[in-house]
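We use all heavy atoms of the structure for the numbers below, so side chains are in, but hydrogens, waters and symmetry mates are not.
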Amino acid sequence: MSKVFKQKEHTVNALKNIHCTIYEGEMVAIMGTSGSGKSTFLNMISAVDAPSEGKMLLFGQEANDLHKEPNASKFRKENIGFVFQSFHLLQDLNVEDNIALPLILNDVSNKEIKQRVDKVMKQLQIDKWRKHRPHELSGGQKQRVAIARAIVTNPPILLADEPTGALDVNTTDDILRLLVSLQEEMRQTILLVTHDPYVATFANRVLFFHDGAIVDSYQNEKHPGDLDAILDKFKEITGGAGHV
Ligand SMILES: Nc1ncnc2c1ncn2[C@@H]1O[C@H](COP(=O)(O)OP(=O)(O)OP(=O)(O)O)[C@@H](O)[C@H]1O
Ligand SMILES: [Mg+2]
């Protein structure tokens with residue numbers, strides 16, 4: 001796939017003829033410098049945007065038409081859970097109503113909403129905060145709620161853009177272990193954008209983006225993977241900085 005953004009003055013080649021396969025049940029970390037095309041790549045997968053050239057197969061089927069409405073919204077509702085660095089919780093709703101939101105949008109019955117929300121709150125150990133508002137929770141607690149909301153519809157694909165970017169080291173560990181358990185127990189396919197090589201050790205595979213291309217990849221043979229090896233590859237790509 002390629003993605004070109006045409007602006008008045010100049011053209012940005014955000015993705016340049018990238019080719020890759022993501023396997024069912026895999027956790028893939030996406031690393032790369034700022035502006036290298038990571039979020040653009042997630043936007044293609046979630047049908048938020050269409051490739052300018054090339055095609056994408058989702059579940060083995062050609063998926064380019066998915067980007068047109070109303071297909072795109074339907075596809076996202078049924079298949080994709082999103083997790084963001086800044087949580088994106090609705091401040092006026094309590095925890096259980098935030099989690100219920102995607103089910104309400106999917107026209108699920110009240111009885112089933114209650115059952116599913118209860119189940120996911122127990123699974124993520126957040127039932128004790130059921131009546132709390134987001135501002136009463138810590139960052140890690142908020143991210144647990146956001147993950148609960150992302151998985152309550154049981155989507156096969158979870159996309160996470162810097163999910164631990166706003167969290168301290170211990171909370172980062174906690175959230176990553178939670179993502180790994182979701183992958184193992186629910187066979188969810190997880191794509192995780194991160195600037196942090198430590199976060200990438202939790203994935204099965206790391207894809208390194210640079211200037212719109214996938215320039216390298218790394219398979220984590222064990223779990224957690226080899227931090228030094230990932231750091232070395234990342235340093236190569238960032239020209240020695242090791243961070244961006
Ligand atoms: N809607 C858009 N219109 C124009 N240019 C865009 C648009 N979205 C992204 N770009 C450009 O495409 C390139 C890739 O952007 P992208 O957001 O995918 O980078 P990224 O790897 O996610 O960076 P970061 O780590 O900073 O989030 C950048 O040069 C960006 O300015
Ligand atoms: Mg981005």
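Under the 4.5 Å side-chain heavy-atom criterion for grouping Ile, Leu, Val, Met, Phe, Trp and Tyr, F84 is not connected to I151 through any hydrophobic cluster. When hydrophobic clusters are built by joining Ile, Leu, Val, Met, Phe, Trp and Tyr residues whose side-chain heavy atoms come closer than 4.5 Å, directly or via intermediates, V120 is grouped together with M186. A single hydrophobic cluster is seen to contain both I175 and I190, as judged by linkage of ILVMFWY side chains at heavy-atom distances under 4.5 Å, directly or through other members. Follow the hydrophobic side-chain contacts under 4.5 Å out from M121 and you never reach L101; the two are in separate clusters. Linking ILVMFWY side-chain heavy atoms closer than 4.5 Å, directly or via other members, places W129 and V117 in a single hydrophobic cluster.
Of all non-hydrogen atoms in I45 and I80, the two that sit nearest each other are O-CD1, 4.0 Å. Residues K77 and L105 share a closest heavy-atom pair of NZ-O, 3.4 Å. Considering every non-hydrogen atom in both A203 and A29, the closest pair reads CB-N, 3.6 Å. Shortest non-hydrogen contact noted between A213 and I18 is CA-CG2, 3.9 Å. When all heavy atoms of L182 and Q123 are compared, the pair lying nearest together is CD2-NE2, 3.7 Å. The minimum heavy-atom distance linking F82 with A150 is given by the pair O-CB, 3.5 Å.
Counting non-hydrogen atoms of neighbouring residues, nucleotides and ligands closer than 6.0 angstrom, the CZ atom of F59 exceeds 12 such neighbours. Crowding of K111 atom NZ: a count of heavy atoms from other residues, nucleotides or ligands under 6.0 Å not exceeding 12. For E24, the CD atom sits in a loose shell: 12 or fewer heavy atoms of surrounding residues, nucleotides or ligands are nearer than 6.0 Å.
With hydrogens and angles disregarded, a donor-acceptor distance shorter than 3.5 Å links the side chain of D168 to the backbone of N170. Distance alone, capped at 3.5 Å, is enough to place a donor-acceptor pair between the H67 side chain and the M44 backbone. Judged by distance alone, with hydrogens and angles left aside, the side-chain atoms of S52 form a donor-acceptor pair with the main-chain N or O of V4 at under 3.5 Å. At least one donor-acceptor pair closer than 3.5 Å links the side chain of N79 to the backbone N or O of F75. Without hydrogens or angle criteria, E136 side chain to R133 main chain gives a donor-acceptor distance under 3.5 Å.
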Verdict with supporting geometry, M1 and E53, side-chain contact (heavy atoms from CB on, under 4.5 Å): CA-CA 6 Å; M1 283 187 302; E53 244 180 76; over 6 Å; no

Between V193 and L159, does a side-chain contact (heavy atoms from CB on, under 4.5 Å) hold up when you go through it step by step? CA-CA 8 Å; V193 169; L159 301 181; over 6 Å; no

As a quick check of understanding, evaluate salt bridge (Lys or Arg N to Asp or Glu O under 4.0 Å) for K114 and D118, giving each step before the final call. CA-CA 6 Å; K114 184 166 174 1; D118 280 352; 2.8 Å; yes

As a quick check of understanding, evaluate side-chain contact (heavy atoms from CB on, under 4.5 Å) for V206 and V28, giving each step before the final call. CA-CA 6 Å; V206 190; V28 176; over 6 Å; no

Show your working on side-chain contact (heavy atoms from CB on, under 4.5 Å) between F208 and I230 and close with a plain yes or no. CA-CA 10 Å; F208 295 91; I230 294 170; 4.2 Å; yes

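One distance of note links CG of L231 with CG of D226; it measures 10.0 Å at 0.5 Å rounding. Atoms CD1 and CG, from I99 and L124 in turn, are 8.0 Å apart once rounded to the nearest 0.5 Å. Distance CD/Q85 to CG/L167: 8.5 Å, rounded to 0.5 Å. Note that the NE2 atom of H10 and the CG atom of N13 stand 10.5 Å from one another [nearest 0.5 Å]. Atom OG in S36 sits 9.0 Å away from atom CG in L15 (nearest 0.5 Å). In this structure, CG on N110 lies 10.5 Å from CG on L103, to the nearest 0.5 angstrom.
Under the 4.5 Å side-chain criterion, counting only non-hydrogen atoms from C-beta, P163 is in contact with V83. With contacts defined as side-chain heavy-atom distances shorter than 4.5 Å, the pair Y198/D173 qualifies. Using a 4.5 Å heavy-atom cutoff, the side chains of D49 and T40 are not in contact. Residues E236 and H210 fail the side-chain proximity criterion, which asks for heavy atoms closer than 4.5 Å. The closest side-chain heavy-atom distance from T189 to M27 is not below 4.5 Å. R116 places a side-chain heavy atom less than 4.5 Å from the side chain of V108. At a threshold of 4.5 Å between non-hydrogen side-chain atoms, the residues L192 and I30 do not count as touching. The shortest distance between side-chain heavy atoms of P155 and Q188 falls below 4.5 Å.
E78 and N106 are not linked by any side-chain donor-acceptor pair at a separation below 3.5 angstrom, with hydrogens and angles left out of the test.
Looking at residues two or more places apart in sequence or on another chain, you find a salt bridge (charged side-chain N to carboxylate O under 4.0 Å, His left out) between D211 and K16.
For residues 141-163, the pairs satisfying side-chain hydrogen bond (donor to acceptor under 3.5 Å, both in side chains) are S39-D161, S138-Q141, R144-D174, E162-H195, with sequence neighbours left out.
Geometrically, K3 engages F5 in a cation-pi contact, judged by NZ or CZ lying under 6.0 Å from the ring centre and within 45° of the ring axis.
For F209 and F41, the gap between ring centers is short of 6.0 Å.
Taking 4.0 Å as the cut-off between side-chain N and carboxylate O, E69 and R76 count as a salt-bridged pair. Taking a cutoff of 4.0 Å between a charged side-chain nitrogen and a carboxylate oxygen, K233 and D216 qualify as a salt bridge.
The one candidate from Q183, Q219, H223, E221 that meets the side chain to side chain donor-acceptor pair (under 3.5 Å) condition with N204 is Q183. Shown are T194, D196, I237, T238; of these, the side-chain contact (heavy atoms from CB on, under 4.5 Å) with M31 is made only by T194.
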